2 protein chains.
Amino acid sequence: MAQSRPIFYVSDGTGITAETIGHSLLTQFTGTDFATDRLPFVDSPDRARAAAAEIRASGVAHGVRPIVINTCVDPELKGLLAESGALILDVFEPFIAPLEAELGQQRESRVGQAHGMADFDTYHRRINAMNYALTHDDGISINYDEADVILVAVSRAGKTPTCVYLALHYGVRAANYPLTEEDLEHDRLPERLRAHRAKLFALTIDPVRLHQIRQERRPDSRYAKLETCKREVAAAESLFRAERIPVLSTTHTSIEEIASKVMTTLDIHRDMF
Amino acid sequence: MAQSRPIFYVSDGTGITAETIGHSLLTQFTGTDFATDRLPFVDSPDRARAAAAEIRASGVAHGVRPIVINTCVDPELKGLLAESGALILDVFEPFIAPLEAELGQQRESRVGQAHGMADFDTYHRRINAMNYALTHDDGISINYDEADVILVAVSRAGKTPTCVYLALHYGVRAANYPLTEEDLEHDRLPERLRAHRAKLFALTIDPVRLHQIRQERRPDSRYAKLETCKREVAAAESLFRAERIPVLSTTHTSIEEIASKVMTTLDIHRDMF
């Protein structure tokens, strides 16, 4: 059996940028088994020395050279990390010179700023969007006027995680509406949703998958029965067609993909937090 | 006034990797005003041509060459994007050759895989962690046995967003415990928390900031009064010291930073979703 290759995400901040690009790179090498770890807040020579020692020790323990995905920008810290003997991939390095040339400007290398504290207003927008998502999660007595998007689906099709993701990462006010038995029987949307047609986005899901998910939540209930799931999904899809609501299946779709498709479809433009 | 520089995050998937590294790069160039947009799911020649046309038009409209942060890996799509005339920064390109050499393996360039659907078990772990965070958000009648971490703080200090973030991105089961008047008066933790000492992490916050946040929520209430905030924060900090719980101030700290510090401090190791 091949030994696993140690990977370290090293950063002077949270390490999120390093881990995001590192993860994207590693998914392109499926033949290797990776043992990943993050070393965030490496923002002083002492911490860089400690990180280098830990990386070096990991290489000895695994019997193979570690790989470091690094976003530290300080040259002194980078020099200390190099003493680990690892292959160091510097995430920002290749892009700085072309950006400086194009923008006619030198970069400023403040430490750990990418996922640092935003200004008070930005923070508030984010938290308020999240509170909105959490308090508009049941479809009951909700005022949809303030919503940027209203996700419509049967129970357990992926509405809540998507709403929370949209709020947390884009400050999008995402409400959701769980379709009731009554909506499904009448094959039409409730009146208070019809006033917000441009904000509606529907989720659907494979009934077998829905059955699995509901089964985990309420084992052997009528709610979780495959028959119930099939009937609800068929009725919901018919309603979405009749009302011409854009619809996406969440069966093989990640939360990130759903969120991205919702924003693209409804033409919502927001910077990522 | 300088015109703003158009930036496009182009991807065959969600565009999250492109935007994450792009945002980190742009924060290093504070002198320029950027107009950012994302073009996700560019996964066919037609979409690449449409993207190139949109980018070119944006350059004409802004009167300045656009910059593309690209994570498309298909050479044909990359060739079509180049026809936009933009400066194209390819996020993966600089790291592929050194990784291939180090791993002794060619990369496989499947399209849009980084934030795609994970396997069913991984998805479930994520969703279950999120449901856990949402249903363990009030400190009432909670069984903390299943928790990976329990955040302890006064109301509105940042517990809920941190719990949701930890669940959504790391599958960490994060519960929270809002300190009651009674806890603060008695300067000690409730018995049921003391059994989980190793999982406890405390948040504190500047009282003036807390006052601003509470004021938005319940204007001119006793709860929001600066006096109340000062008293609660002082009592909470005294309790954290007495109980020797690790504590972090959220006043100038982003949700990402709090989450990262919590995991580092409690030695929780999880890959990012």
Side-chain angles (χ1 to χ4, degrees), chain A residues 5 13-17 19-21 23-25 27-32 36-37 40-41 65 67 71 87 89 91-92 94-96 98-99 102-103 105 107-110 113-118 124 126-127 130 134 160-161 164-165 168 216 252-257 260-261 264 269 271-272, chain B residues 5 13-17 19-21 23-25 27-32 36-37 40-41 65 67 71 87 89 91-92 94-96 98-99 102-103 105 107-110 113-118 124 126-127 130 134 160-161 164-165 168 216 252-257 260-261 264 269 271-272:
Chain A
R5 172 77 70 156
T14 59
I16 289 170
T17 303
E19 188 164 359
T20 302
I21 184 170
H23 176 71
S24 296
L25 283 166
T27 58
Q28 299 176 44
F29 293 89
T30 52
T32 305
T36 61
D37 208 348
F41 308 113
R65 189 188 190 200
I67 297 172
T71 57
L87 170 68
L89 301 180
V91 170
F92 298 139
F95 310 113
I96 295 301
L99 275 175
E102 182 70 28
L103 299 173
Q105 187 195 346
R107 73 120 160 244
E108 302 160 52
S109 45
R110 279 184 295 151
Q113 57 204 328
H115 296 93
M117 189 65 203
H124 258 288
R126 185 177 196 183
I127 296 301
M130 205 164 82
L134 296 181
T160 301
V164 170
Y165 191 92
L168 201 53
E216 272 213 6
H252 299 290
T253 315
S254 70
I255 298 169
E256 284 80 1
E257 286 170 330
S260 193
K261 296 257 188 200
T264 303
H269 296 266
D271 286 345
M272 197 191 273
Chain B
R5 171 78 71 157
T14 59
I16 289 171
T17 304
E19 188 164 359
T20 302
I21 184 170
H23 176 71
S24 296
L25 282 166
T27 57
Q28 299 176 46
F29 293 90
T30 51
T32 305
T36 62
D37 208 347
F41 309 113
R65 189 187 188 200
I67 297 173
T71 58
L87 170 68
L89 301 180
V91 170
F92 298 138
F95 310 112
I96 296 301
L99 275 175
E102 182 69 29
L103 299 173
Q105 185 194 347
R107 73 121 160 243
E108 302 160 53
S109 45
R110 280 184 294 151
Q113 58 204 330
H115 296 94
M117 189 65 202
H124 259 288
R126 186 178 197 182
I127 296 300
M130 204 162 84
L134 296 182
T160 301
V164 170
Y165 191 92
L168 201 54
E216 272 214 5
H252 299 290
T253 314
S254 70
I255 298 169
E256 285 81 359
E257 286 171 329
S260 193
K261 296 256 188 200
T264 304
H269 296 265
D271 286 344
M272 197 191 275

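Naming: A, B, ... by sequence-line order, numbering from 1 per chain. What you see is a predicted model, and the numbers here were worked out from it, not measured in a lab.
One finds the CG atom of A:Leu99 at 5.5 Å from the CD1 atom of B:Ile67 (value rounded to the nearest 0.5 Å). In this structure, CD on B:Glu102 lies 11.0 Å from CZ on A:Phe29, to the nearest 0.5 angstrom. Here the CG-CZ distance, from A:Leu25 to B:Arg107, works out to 8.5 Å after rounding to the nearest 0.5 Å. A:Ser24 OG to B:Ile21 CD1: the interatomic distance, rounded to the nearest 0.5 Å, is 9.5 Å. Interatomic distance, A:Thr30 OG1 to B:Glu108 CD, rounded to the nearest 0.5 Å: 3.0 Å. Taking OG1 from B:Thr20 and NE2 from A:His23, the interatomic distance works out to 12.0 Å, rounded to the nearest 0.5 Å.
The part of A:Arg126 that comes within reach of chain B is its side chain, from C-beta onward, which places non-hydrogen atoms under 4.5 angstrom from that chain. Using a 4.5 Å cut-off between heavy atoms, B:Thr264 touches chain A through its side chain atoms alone. For chain B, the nearby part of A:Asp37 is the side chain; its heavy atoms alone come within less than 4.5 Å. Looking at B:Thr71, there are no atoms closer than 4.5 Å to chain A (heavy atoms on both sides), in backbone or side chain. Residue contact with chain A, scored on non-hydrogen atoms closer than 4.5 Å, involves the side chain of B:Pro94 exclusively. Contacts between B:Pro161 and chain A at a heavy-atom distance below 4.5 Å involve backbone atoms as well as side-chain atoms. With a threshold of 4.5 angstrom between heavy atoms, A:Met130 approaches chain B through side-chain atoms but not through N, CA, C or O.
Considering only heavy-atom pairs separated by less than 4.5 Å from chain B, the leading option among A:Ile96, A:Leu103, A:Leu87, A:Val164 is A:Leu103.
Pairing each heavy atom of A:Leu89 with each of B:Phe95, the nearest pair is CB-CD2, 4.0 Å. Across all their heavy atoms, A:Glu257 and B:Phe41 have their closest contact at O-CZ, 3.9 Å. Closest approach of B:Met272 and A:Glu19 over heavy atoms only: N-OE2, 2.9 Å.
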